[in-house]
Amino acid sequence: MTHLPKFTVALLHPRYWLTWLGIGMLWLVVQLPYPVLYRLGHSLGHLAQRVMKRRVKIAERNLELCFPEMSQAQRDEMVHKNFESVGMGLLETGMAWFWSDRRMARWTEERGMDAIKEQIAQGRGILLIGVHFLTLEMGARIFGMHLPGIGVYRPNDNPVLDWLQTWGRMRSNKDMIDRKDVKGMIRALKNCEVIWYAPDHDYGPRTSVFVPFFAVEQAASTSGTWMLARTSKACVAPFVPRRKPDGKGYELIALEPECNPPLDNAETTAAWMNRIVEKCIMMAPEQYMWLHRRFKTRPEGVPSRY
């Protein structure tokens with residue numbers, strides 16, 4: 001059972017005043033018109049690229065590993081656009097948590113969700129594959145406005161931020177489940193709920209198998225998709241929350257649900273899932289979270305890629 005954080009007066013302790021100040025500033029900033037936020041986000045991204053040198057190197061290395069055919073100039077351009085997306089991602093978190101439904105609807109659109117709704121009507125749960133785009137928070141809010149579901153999350157170490165992220169995500173969704181609450185996920189899927197799940201990061205060796213991901217032959221990939229889909233009999237439905245160019249807003253694209261995924265073993269399912277993740281990423285590669293050390297876990301005796 002996941003116990004979600006609730007607001008208490010303890011969160012107003014002076015030790016958290018700087019956190020509240022930051023939250024207040026973010027709230028004020030996202031009241032600006034979206035075209036202004038679009039330009040501001042790009043400027044923040046340019047600053048982040050100059051300051052976050054270690055993350056720049058990680059992004060460059062990930063692109064080198066995944067796309068060895070890409071020229072250095074192409075990689076440099078991709079990293080530059082990616083950091084513009086990083087800056088936008090910060091503002092989009094505030095937009096997703098603080099904007100009204102009316103304002104969200106003005107700047108967003110969706111397509112492809114009827115197929116997901118049809119599967120739910122037929123009594124199937126939905127394992128919603130949410131790849132780690134930098135538009136992640138916007139995607140969760142947009143999807144929930146059209147079809148409320150249940151998010152899988154990692155509790156934040158800061159109790160104020162832990163409460164805030166839960167409050168923000170619950171504005172358009174039914175519930176949140178701790179990523180360690182596997183029984184809760186399976187129970188929700190069997191009850192025909194939508195569970196948001198991200199299988200694209202490196203979660204360490206304990207629950208991973210090594211299968212191809214882009215040009216990397218042995219990428220540690222979670223076995224969770226296999227376990228959840230096999231146990232719950234849910235449909236697997238990827239979606240892509242994509243930022244439109246030139247400050248025109250956002251589109252959420254739901255791909256066709258797969259209700260008979262390959263479940264022979266964890267490796268087969270993970271390899272299949274990675275191909276879907278690749279397809280999603282290529283729909284907006286500059287907006288993906290390349291800053292994550294995706295290939296940090298290696299087979300025993302194999303040197304680090306970083």
Side-chain angles (χ1 to χ4, degrees), residues 92 96 101 104-153 169-177 184-200 213 221-222 224-244 248-264 268-285 287-288:
E92 286 162 356
D101 286 352
M104 288 291 296
R106 178 186 174 190
W107 290 100
T108 62
E109 62 183 46
E110 61 82 16
R111 64 177 188 265
M113 291 185 64
D114 287 345
I116 295 177
K117 294 176 181 178
E118 181 179 340
Q119 292 300 329
I120 294 173
Q122 293 178 14
R124 301 293 294 267
I126 299 294
L127 187 62
L128 185 69
I129 302 303
V131 177
H132 277 91
F133 284 104
L134 292 158
T135 53
L136 180 149
E137 294 291 346
M138 286 293 286
R141 178 75 188 278
I142 298 166
F143 192 96
M145 288 173 61
H146 296 278
L147 182 59
I150 299 173
V152 176
Y153 83 114
R169 293 169 181 176
M170 289 284 286
R171 292 194 64 189
S172 59
N173 284 289
K174 293 181 179 180
D175 204 350
M176 302 291 294
I177 293 181
M185 295 182 215
I186 294 172
R187 182 165 53 248
L189 289 169
K190 287 184 175 180
N191 288 333
C192 305
E193 296 285 1
V194 176
I195 288 285
W196 187 95
Y197 181 70
D200 58 312
F213 183 65
S221 305
T222 180
T225 309
W226 171 71
M227 185 273 298
L228 289 171
R230 180 174 59 93
T231 306
S232 68
K233 311 300 181 186
C235 296
V236 178
F239 80 106
V240 175
R242 185 164 64 180
R243 189 183 307 112
K244 296 180 181 179
K248 295 180 180 178
Y250 302 83
E251 57 182 349
L252 187 147
I253 306 165
L255 280 63
E256 191 70 23
E258 175 54 71
C259 295
N260 294 291
L263 299 174
D264 296 340
T268 299
T269 304
W272 170 78
M273 190 74 263
N274 279 357
R275 290 193 294 271
I276 292 177
V277 169
E278 291 171 9
K279 179 180 179 180
C280 291
I281 291 173
M282 294 311 296
M283 293 174 68
Q287 297 176 32
Y288 185 64

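Computed over heavy atoms, backbone and side chain alike; hydrogens, waters and symmetry mates excluded.
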Q: Are there more than 12 heavy atoms of other residues, nucleotides or ligands under 6.0 Å from atom NZ of Lys248?
A: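 Check fails, neighbour count at 12 or below.
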
Q: Which value, rounded to the nearest 0.5 Å, describes the distance between Lys233 atom NZ and Asn260 atom CG?
A: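 Between atom NZ of Lys233 and atom CG of Asn260 there are 10.0 Å.
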
Q: Within this structure, what is the CZ-CD distance for the pair Arg111 and Glu251, rounded to the nearest 0.5 Å?
A: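 Reported to 0.5 Å precision, the distance equals 5.0 Å.
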
Q: Taking all heavy atoms of Pro261 and all of Cys259, pick out the closest pair and write down the distance.
A: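 Closest approach of Pro261 to Cys259, heavy atoms only: CD-C, 3.4 Å.
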
Q: If the threshold is 4.0 Å, N to carboxylate O, is there a salt bridge linking Arg230 and Asp264?
A: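 Not counted as a salt bridge, because no side-chain N and carboxylate O are separated by less than 4.0 Å.
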
Q: Would Ile129 and Met273 count as a side-chain contact (heavy atoms from CB on, under 4.5 Å) here? Give the steps.
A: CA-CA 9 Å; Ile129 302 303; Met273 190 74 263; 3.8 Å; yes

Q: Does Thr108 reach the main-chain N or O of Tyr250 with its side chain, forming a donor-acceptor pair under 3.5 Å?
A: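 The answer is no, because no donor-acceptor pair under 3.5 Å joins these two groups.
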
Q: Closest heavy-atom contact between Gly130 and Ala198?
A: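 The answer is O-CB, 3.2 Å.
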
Q: Relative to each other, are the rings of Trp196 and His132 parallel, tilted or perpendicular (30° and 60° limits)?
A: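 Perpendicular: the ring planes of Trp196 and His132 meet at over 60°.
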
Q: Verify, without hydrogens or angle tests, whether Ser232 (side chain) and Leu189 (backbone) share a donor-acceptor contact under 3.5 angstrom.
A: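 Flag not set: sc Ser232 to bb Leu189 has no pair under 3.5 Å.
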
Q: Do Glu258 and Trp272 make a side-chain contact, defined as non-hydrogen atoms from C-beta onward lying under 4.5 Å apart?
A: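 They are in side-chain contact.
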
Q: Judged by atom type as modelled, is there a donor-acceptor pair below 3.5 Å linking the side chain of Thr135 to the main-chain atoms of Pro241?
A: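 Side chain of Thr135 to backbone of Pro241, a donor-acceptor pair under 3.5 Å: yes, one is there.
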
Q: Going through the checks in order, is the salt bridge (Lys or Arg N to Asp or Glu O under 4.0 Å) test met by Glu92 and Arg243?
A: CA-CA 10 Å; Glu92 286 162 356; Arg243 189 183 307 112; 2.6 Å; yes

Q: Could you check whether any side-chain N or O of Asp200 sits under 3.5 Å from a backbone N or O of Val131, counting only pairs where one atom can act as donor and the other as acceptor?
A: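 Checking the backbone N and O of Val131 against the side chain of Asp200, no donor-acceptor pair under 3.5 Å is found.
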
Q: Side-chain contact, heavy-atom cut-off 4.5 Å: Cys280 with Leu255?
A: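 Side chain of Cys280 against side chain of Leu255, heavy atoms only: contact under 4.5 Å found.
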
Q: Go through the steps to decide whether Arg169 and Glu137 satisfy the test side-chain contact (heavy atoms from CB on, under 4.5 Å), and finish with yes or no.
A: CA-CA 8 Å; Arg169 293 169 181 176; Glu137 294 291 346; 2.4 Å; yes

Q: Identify the two heavy atoms, one from Glu110 and one from Gly112, that lie closest to each other, and give their separation to 0.1 Å.
A: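 Here Glu110 and Gly112 meet closest at OE1-N, 3.9 Å.
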
Q: Assess whether atom NZ of Lys244 is packed by more than 12 heavy atoms of other residues, nucleotides or ligands within 6.0 Å.
A: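 Above 12, so yes.
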
Q: Between Glu193 and Lys174 (salt bridge meaning N to carboxylate O under 4.0 Å), is one present in this structure?
A: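 Salt bridge flag = yes for Lys174 with Glu193.
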
Q: Return yes if some donor-acceptor pair links the side-chain N/O of Trp226 with the main-chain N/O of Leu263 below 3.5 Å, else return no.
A: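 It does hold such a pair.
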
Q: I'd like to check Glu109 versus Leu252 (side-chain heavy atoms, cut-off strictly below 4.5 Å). Are they in contact?
A: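 No, every pair of side-chain atoms sits at 4.5 Å or beyond.
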
Q: Please evaluate residues Ile186 and Met227 with respect to the criterion side-chain contact (heavy atoms from CB on, under 4.5 Å), reporting the C-alpha separation (whole Å), side-chain torsions for both, the decisive distance (0.1 Å), and the verdict.
A: CA-CA 9 Å; Ile186 294 172; Met227 185 273 298; 3.9 Å; yes

Q: Measure the CD1-CD1 distance between Ile281 and Ile276 for me, rounded to the nearest 0.5 Å.
A: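 Answer rounded to 0.5 Å: 12.0 Å.
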
Q: Is there a side-chain contact (heavy atoms from CB on, under 4.5 Å) between Tyr153 and Ile177 once you walk through the steps?
A: CA-CA 6 Å; Tyr153 83 114; Ile177 293 181; 5.9 Å; no

Q: Considering non-hydrogen atoms only, spot the tightest contact between Pro262 and Thr269 and give its length.
A: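 Answer, listing the atom of Pro262 first, then Thr269: O-OG1, 2.6 Å.
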
Q: Provide the closest heavy-atom pair for Pro199 versus Thr225 in the form atom of the first, atom of the second, distance.
A: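 Pro199 and Thr225 have their closest heavy atoms at CB-OG1, 3.4 Å.
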
Q: Can you find a heavy atom in the side chain of Ile126 that is under 4.5 Å from one in the side chain of Ile195?
A: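 Heavy-atom side-chain distance check fails, nothing below 4.5 Å.
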
Q: Using side-chain heavy atoms (C-beta onward) and a distance below 4.5 Å, is Tyr197 in contact with Ile150?
A: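 No. Closest side-chain heavy atoms not under 4.5 Å.
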
Q: Can you list the steps and then say if Arg141 with Asp101 is a salt bridge (Lys or Arg N to Asp or Glu O under 4.0 Å)?
A: CA-CA 9 Å; Arg141 178 75 188 278; Asp101 286 352; 2.6 Å; yes

Q: Taking all non-hydrogen atoms of both residues, which atom of Asn173 and which atom of Gly149 are closest, and how far apart?
A: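 Heavy atoms only, the tightest pair is OD1-N, 3.0 Å.
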
Q: Has the side chain of Arg124 got a donor or acceptor atom that lies under 3.5 Å from a matching backbone atom of Cys192?
A: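 Side chain of Arg124 to backbone of Cys192: no pair is present.
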
Q: Under 4.5 Å between any side-chain heavy atoms of Ile142 and Trp107, yes or no?
A: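 Not touching, per the 4.5 Å side-chain cut-off.
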
Q: Report yes if the side chains of Phe133 and Val240 come closer than 4.5 Å at any heavy-atom pair, otherwise no.
A: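 Yes, side chains in contact.
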
